[in-house]
2 protein chains.
Amino acid sequence: MASVTIMDVARKAGVSKKTVSRVINNEANVRPQTKEKVQAAIDELGFKRNPLGMALAKNRSLFIALLADNPSPGYLMNLQKGILQACTEEHMGLFLYDCQYRSPSLVEEIQTFIENTLADGLILVPPLSDKVELLDMLDRKGVSYVRIGTKDTKRGDFVGSNTTKAAFDMTEYLIKLKHRHIGFILGHPDQASSKRTEQGFREAHAKAGIPVDESLIAQGYYTHQSGVDAAMTLLNKTPRPTVIFASNDEMAVGALCEAQSRGIKVPEELSIAGIDDISITTKVWPNITTMRQPLNSIGYTAASTLIRRLQKKPLEQSEEAFVNQLFDCELVIRQSTKTYVG
Amino acid sequence: MASVTIMDVARKAGVSKKTVSRVINNEANVRPQTKEKVQAAIDELGFKRNPLGMALAKNRSLFIALLADNPSPGYLMNLQKGILQACTEEHMGLFLYDCQYRSPSLVEEIQTFIENTLADGLILVPPLSDKVELLDMLDRKGVSYVRIGTKDTKRGDFVGSNTTKAAFDMTEYLIKLKHRHIGFILGHPDQASSKRTEQGFREAHAKAGIPVDESLIAQGYYTHQSGVDAAMTLLNKTPRPTVIFASNDEMAVGALCEAQSRGIKVPEELSIAGIDDISITTKVWPNITTMRQPLNSIGYTAASTLIRRLQKKPLEQSEEAFVNQLFDCELVIRQSTKTYVG
DNA sequence: AACATATTTGACACCGGTGTCAATTGAGTT
DNA sequence: AACTCAATTGACACCGGTGTCAAATATGTT
């Protein structure tokens with residue numbers, strides 16, 4: 001409780017507050033021997049700079065906030081882990097803010113949050129990262145942010161994965177397994193990633209010279225339940241698809257549920273595939289074949305991008321091009337997919 | 001950016017800084033008409049108090065931290081949601097800190113974290129909440145905390161659920177379903193909740209006058225994989241258990257995986273039950289019967305308990321008894337359990 | 001040795017609020 | 001109208017740091 005202040009150190013080292021400040025900030029133009037003297041005092045007294053005092057003086061709070069709408073626990077958790085790792089390394093704190101994407105007052109709520117906490121910057125997770133009104137507000141207020149998700153409009157810093165390619169690769173793989181009736185579950189129509197997965201799905205068909213079976217495309221919303229519902233629709237079609245490829249794992253697991261509840265054997269009678277590689281894919285039987293999205297790295301990169309951005313002067317920032325980093329996904333073959341044998 | 005300060009308001013209202021401060025803190029002894037005048041200026045200028053200035057002056061940062069070791073994504077997510085809700089209502093920020101329970105320098109790392117952020121208080125999630133060295137350090141430094149989990153030692157504020165009763169109720173239910181060979185997967189031996197679930201399991205047997213089949217008790221560690229492993233052991237026994245009751249859902253799902261990979265039909269040939277009611281229980285087929293732990297409420301209660309504690313003076317605090325709130329769990333019957341028919 | 005220049009250092013105001021305490025104001029009494 | 005006492009208000013220092021700028025010191029030159 002009786003915390004050591006910068007003044008205590010200054011007195012002990014026989015220098016001024018400012019000089020101590022210089023040492024702890026590693027500023028140039030401090031004579032080595034002075035620096036040593038001060039450092040000794042710091043060590044001896046166990047001084048730690050009070051982040052609040054610094055924040056007030058510098059008008060920089062040393063923490064960033066993660067804005068999320070809790071899409072799927074696994075997805076968010078993985079991101080969060082990467083983000084936290086970067087924050088810890090850079091001595092930044094991470095604030096959490098949970099929002100309701102659907103709330104009509106979303107933008108105001110977030111604005112209030114920012115004012116209440118003075119977070120230096122924000123990390124936006126889909127579907128928030130696609131919300132134009134939100135980005136407008138942040139730009140207007142001059143708040144730095146990094147968007148995570150699927151590359152859509154060029155706007156601000158962005159980190160995500162190559163969703164089109166992920167869907168393409170998976171579709172190609174399924175085609176290689178001789179599947180010709182591929183049921184496809186679309187993502188949420190409002191989210192950028194949705195168009196991308198569909199695009200990849202179609203491109204792979206085109207490349208293989210196989211027509212897309214339009215009747216086997218069902219709408220989904222990235223939720224487990226929407227996967228169940230879409231699978232229900234697809235499994236009622238004749239001929240039945242021999243594989244269901246969902247735009248994310250959450251829905252793939254939903255499809256698995258629906259298949260199993262009907263007594264359809266996976267993968268013998270139906271293959272199932274998803275995208276993301278969230279933890280649940282290996283917690284169900286059979287484990288789900290998926291495209292691994294490096295969420296941990298994405299989170300890490302997003303956070304360190306944001307932190308680096310914050311360290312630059314606002315002027316520099318506006319002149320420099322925005323970061324736009326895309327990771328590739330990797331095919332992870334598990335037990336839920338199998339060669340189709342007519 | 002050009003933020004409005006308390007001085008701006010003071011000038012506009014023709015009063016002193018301090019009077020404005022009184023108004024925004026709703027202090028007594030401000031003449032109504034003065035208050036009105038100030039409030040008008042505040043509204044007109046759109047003034048928001050800078051939390052950093054306040055934090056520095058009051059030596060209270062207005063945020064608390066959630067320390068977690070990410071046991072199961074679903075578990076943590078639910079808690080987090082409740083915690084965040086309470087924080088939002090009380091205008092508190094929530095910091096996140098991810099730690100490695102196993103790290104030998106855990107205590108120092110957490111200490112550094114506290115010093116770096118000046119969080120007013122901490123919320124501890126199992127297994128952190130059982131870690132004595134950590135509690136010692138926090139007590140020594142005078143940091144307020146609330147522990148979440150299973151009631152063990154009386155130490156600090158505590159919020160959790162009645163684990164013994166949960167295990168008791170589930171066991172009783174399984175016995176009512178005529179199961180006599182109940183496979184039981186223990187929790188992590190280091191965590192307090194483990195003893196409690198075992199206790200409840202045994203008490204239910206005792207009450208029903210049925211002996212516990214000791215050969216059907218397997219060690220688990222609360223992880224999915226440990227559930228798989230324990231189920232493997234149990235399913236190799238003769239006679240095979242007719243139901244597997246795991247100390248948490250994560251392991252129950254693991255057991256389900258193992259059963260399904262062996263081609264054992266659940267619930268026809270084997271029933272499965274867990275505790276917690278995390279989201280995955282309804283994302284697998286069949287849905288898992290479980291004891292619903294009100295994690296959201298627990299998180300909410302923990303956070304508001306902590307916040308209320310922080311609002312009291314340290315002196316008062318040490319004199320007052322600690323909060324110790326236990327929630328009851330509720331039996332949620334789903335498709336994974338079924339009456340045993342010899 | 002005297003001077004010009006570069007490097008180091010410190011005094012002081014300031015970031016945006018709050019606590020203390022004395023000064024001012026208003027109400028109630030005689 | 002003068003006086004007492006409580007309610008209201010403001011001046012000022014302070015929380016723990018940083019930025020500015022001028023003063024002090026060190027270094028290099030002739």
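Please read all numbers here as calculations on a predicted model, not as lab measurements. Numbers restart at 1 for each chain; the letters A, B, ... are given by sequence-line order, proteins then strands.
Side chains of A:M7 and A:V20 form no contact here, defined as non-hydrogen atoms less than 4.5 Å apart. Using a 4.5 Å cut-off on side-chain heavy atoms (C-beta onward), A:L310 and A:R60 make contact. Side chains of B:Y97 and B:L122 form no contact here, defined as non-hydrogen atoms less than 4.5 Å apart.
Proximity note for B:A57 (side chain, C-beta onward) versus C:dG17, D:dG16, D:dG17: the nearest is C:dG17.
Of the two residues contacting DNA chain C, namely B:T5 and A:V15, the nearest-nucleotide position lying further toward the 5' end is that of A:V15. Ranked by how close their nearest DNA chain D nucleotide is to the 5' end, B:T19 and A:S21 are led by B:T19.
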Next on the checklist: Between A:I24 and A:V9, is the side-chain contact (heavy atoms from CB on, under 4.5 Å) condition met? List the steps.
Outcome noted: CA-CA 11 Å; A:I24 59 186; A:V9 177; over 6 Å; no

Next on the checklist: Could you walk me through whether B:T34 and B:R22 satisfy the side-chain contact (heavy atoms from CB on, under 4.5 Å) test, starting with their C-alpha distance in whole Å, then the side-chain angles of each, then the deciding distance to 0.1 Å, before giving a yes or no?
Outcome noted: CA-CA 11 Å; B:T34 309; B:R22 288 196 175 94; over 6 Å; no

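Between A:K17 atom NZ and D:dT18 atom C1' the separation is 9 Å, expressed in whole Å. Separating the CZ atom of B:R49 from the C1' atom of C:dT18 is a distance of 10 Å, rounded to the nearest angstrom. One can place CZ of A:R60 at 16 Å from P of C:dG16, the figure rounded to the nearest angstrom. As a whole-Å value, the separation of B:K58 NZ from D:dC14 C1' is 15 Å. Here the P atom of nucleotide C:dG17 and the CD1 atom of B:I6 are 5 Å apart, to the nearest Å. Following rounding to the nearest Å, A:R11 (CZ) and C:dG10 (P) show an atom-to-atom distance of 14 Å. Note: CE (A:M7) to P (C:dG10) measures 11 Å, nearest angstrom. Atom pair A:L52:CG and D:dG17:C1' shows a separation of 10 Å (rounding to whole Å applied).
Between B:R155 and B:D136 there is a salt bridge, with a side-chain nitrogen of the basic residue lying less than 4.0 Å from a carboxylate oxygen of the acidic one.
Base contact: B:K18 has a heavy atom under 4.0 Å from a base atom. Residue B:K35 is out of contact with every strand shown, counting any heavy-atom pair closer than 4.0 Å.
Contact check of residues 23-34 of chain B against DNA chain D (heavy atom, cut-off under 4.0 Å) returns B:N29, B:V30, B:R31, B:T34.
Between atom CG of residue B:D98 and atom NZ of residue A:K81 there is a gap of 5.5 Å, rounded to the nearest 0.5 Å.
Applying the 3.5 Å distance criterion, the base of C:dG10 shares a donor-acceptor pair with the side chain of A:R22.
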